[in-house]
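Below is one structure, written out as structure tokens, with a few remarks after it.
Note that ligands are numbered from 1 as they come in the structure, with each ligand's atoms numbered from 1 the same way. In this text, all values refer to a predicted model and were calculated from it rather than measured experimentally.
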Amino acid sequence: MSAELSVVVPVYNEQESVPELYRRLTAALSGVVKSFEVVLVDDGSSDSTWEIIRELAARDGRVKGLSFSRNFGHQMAFTAGLDHAGGDAVVIMDADLQDPPELLPELVARWRDGYDVVYAVRARRHGETAFKLFTAAAFYRVLRRITRVDIPVDTGDFRLMSRKAVEAFCRMPERHRFTRGMVAWLGFRQVGVPYARAARHAGETKYPLRKMLRLASDGITSFSYVPLQLASWVGLAVSGLALLALVVAVAVRASGGTMPAWAFAAAALVLLGGVQLVAVGLVGEYLGRVLDEVQRRPLYLVRDSVGLGSADQRPPAVTI
Ligand code: UDP
Ligand code: MG
């Protein structure tokens, strides 16, 4: 029989955090749900994270583990966890205890109220750099303006999803995965719960600027065409300016004045060159993603698993 609640956690080199996460999760959930399982997805860790997961799974049958053949990224780890979770509701959360397990009873309570998606909104954030706070706040607000999907601001991936929402999510085959946007896209009844985001329990962030930018750009390109359209708008504005400059040049000549012809020509050339390069770059961003999609590679590969039976493949999409 499957558990009432599954908790899916991506782990990448988190050997210091996993035992504490297990302790706090089991404490927070005891008495709250009839039964639960914890699905730990090891995203190609190079420390002893996988050994720790195996030990926990050997001691406690509620702990299950998947280990990727290499580092596929946080978002793929969520996907694999959701593919393999059997609970009537599934929580996804980070391993570093920035998402407090003690919030789970509240998420479960809202699910029991009839919501399909209960997402945790960061009311306060501790232990983050000013740079991260500023860029995150700006990103969520820009994203909200340029997408048609209603993606809640200041919300990470920490959330609970009902079985219905999970099955719908598992039918989304794309490989550039921006989970928080994809779940918003699903619809159903959704509600936010505010919480204070803690500082990391141990170690340092596994999200260097490079990965953060990738995620941000996946979020924008998967949910908005605005950057593509930007090229035409800027092109239009530049053409308007060029036309104006032409009129000015003709007027200056007609009134007997002189001005060097190259001044206009040079300015127009540089401006147009810049605009065109930006536009080509934007098209490239989208084109690259189209290429990735048509290759239809598996989203992730499993090297090893505990407690999950045969967990090699992404199970066939469920029809609802
Ligand atoms: N993570 C992962 N694969 C990666 C990077 C991170 O599975 O390539 C996990 C990591 O172990 C953690 C979660 O994703 O559980 C969030 O990462 P992190 O806390 O480093 O990000 P931050 O909170 O600094 O944005
Ligand atoms: Mg973190």
Could you see which bit of V11 sits under 4.0 Å from ligand 1, with heavy atoms only: side chain, backbone, both or neither?
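The answer is the backbone.
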Have [X] and [Y] got a donor and an acceptor in their side chains that come within less than 3.5 Å?
{"X": "R180", "Y": "Y140", "answer": "yes"}
{"X": "E51", "Y": "Q15", "answer": "no"}
{"X": "T179", "Y": "Q75", "answer": "yes"}
{"X": "E37", "Y": "S6", "answer": "yes"}

Requested in this report: Note the single closest protein heavy atom to atom 21 (O) of ligand 1, along with its residue, its atom name and the distance in Å.
Outcome: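 Looking at atom 21 (O) of ligand 1, the protein heavy atom closest to it is Y207 CD1, 3.4 Å.
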Requested in this report: Write out the residue and atom name of the closest protein heavy atom to atom 3 (N) of ligand 1, then the distance separating them to 0.1 Å.
Outcome: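 Result: D43 OD2, 2.6 Å.
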Give yes if a backbone or side-chain nitrogen or oxygen of [X] is under 3.5 Å from a nitrogen or oxygen of ligand 1, and no if not.
{"X": "A77", "answer": "no"}
{"X": "T205", "answer": "yes"}
{"X": "K206", "answer": "yes"}
{"X": "Y12", "answer": "yes"}
{"X": "P10", "answer": "yes"}

| Out of V302, V41, D304, which residue meets the side chain to side chain contact (heavy atoms under 4.5 Å, CB included) rule with S67? |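 With S67 as partner, side chain to side chain contact (heavy atoms under 4.5 Å, CB included) holds for just one option, D304.
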Is T205 close enough to the Mg ion (ligand 2) to have an N, O or S atom under 2.8 Å?
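So T205 does not bind the Mg ion (ligand 2) by this criterion.
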Counting backbone and side-chain atoms alike, is an N, O or S atom of D96 positioned under 2.8 Å from the Mg ion (ligand 2)?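 Yes - counting backbone and side chain alike, D96 has an N, O or S atom under 2.8 Å.
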Would you kindly check if the NZ (Lys) or CZ (Arg) of R70 is within the cone defined by 45 degrees around the ring axis of F72 and under 6.0 Å from the six-membered ring centre?
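Yes, a cation-pi geometry holds between R70 and F72.
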Self-check item: More than 12 heavy atoms from other groups under 6.0 Å of CZ on F134
Solution: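 Open.
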- Compare Q98, H74, R200 and give the one whose heavy atom is closest to atom 18 (P) of ligand 1.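 Minimum heavy-atom distance to atom 18 (P) of ligand 1 goes to R200.
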Nearest candidate to atom 25 (O) of ligand 1, where distance is taken over non-hydrogen atoms, out of E128, M212, K132, M76
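Answer by nearest heavy atom: K132.
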For [X], the ligand 1 atoms whose distance to one of its heavy atoms is below 4.0 Å:
{"X": "E14", "value": "10 (C), 11 (O), 12 (C), 15 (O)"}
{"X": "R197", "value": "23 (O)"}
{"X": "N71", "value": "3 (N), 4 (C), 8 (O)"}
{"X": "D96", "value": "19 (O), 23 (O)"}

For the side chain of T155 and the backbone of V153, is there at least one donor-acceptor N/O pair under 3.5 Å apart?
->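 Here the side-chain-to-backbone pair exists.
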Exercise. Over 60° means perpendicular and under 30° means parallel, so classify the ring planes of F178 and F139, tilted if in between.
Key: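 F139 vs F178 ring planes: perpendicular.
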Reference residue N71; test side chain to side chain donor-acceptor pair (under 3.5 Å); the match among D43, N13, D42:
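Considering D43, N13, D42, a side chain to side chain donor-acceptor pair (under 3.5 Å) with N71 is found only for D43.
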- 4.0 Å heavy-atom contact, R125 with ligand 1: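 No, R125 has no heavy atoms under 4.0 Å from ligand 1.
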- Message: In this structure, does ligand 1 have an atom that sits under 4.0 Å from one of the heavy atoms of K211?
- Response: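 It does; at least one heavy atom falls under 4.0 Å.
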Using a strict threshold of under 4.0 Å (side-chain N to carboxylate O), is an ion pair present between R171 and E167?
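No, E167 and R171 are not salt-bridged.
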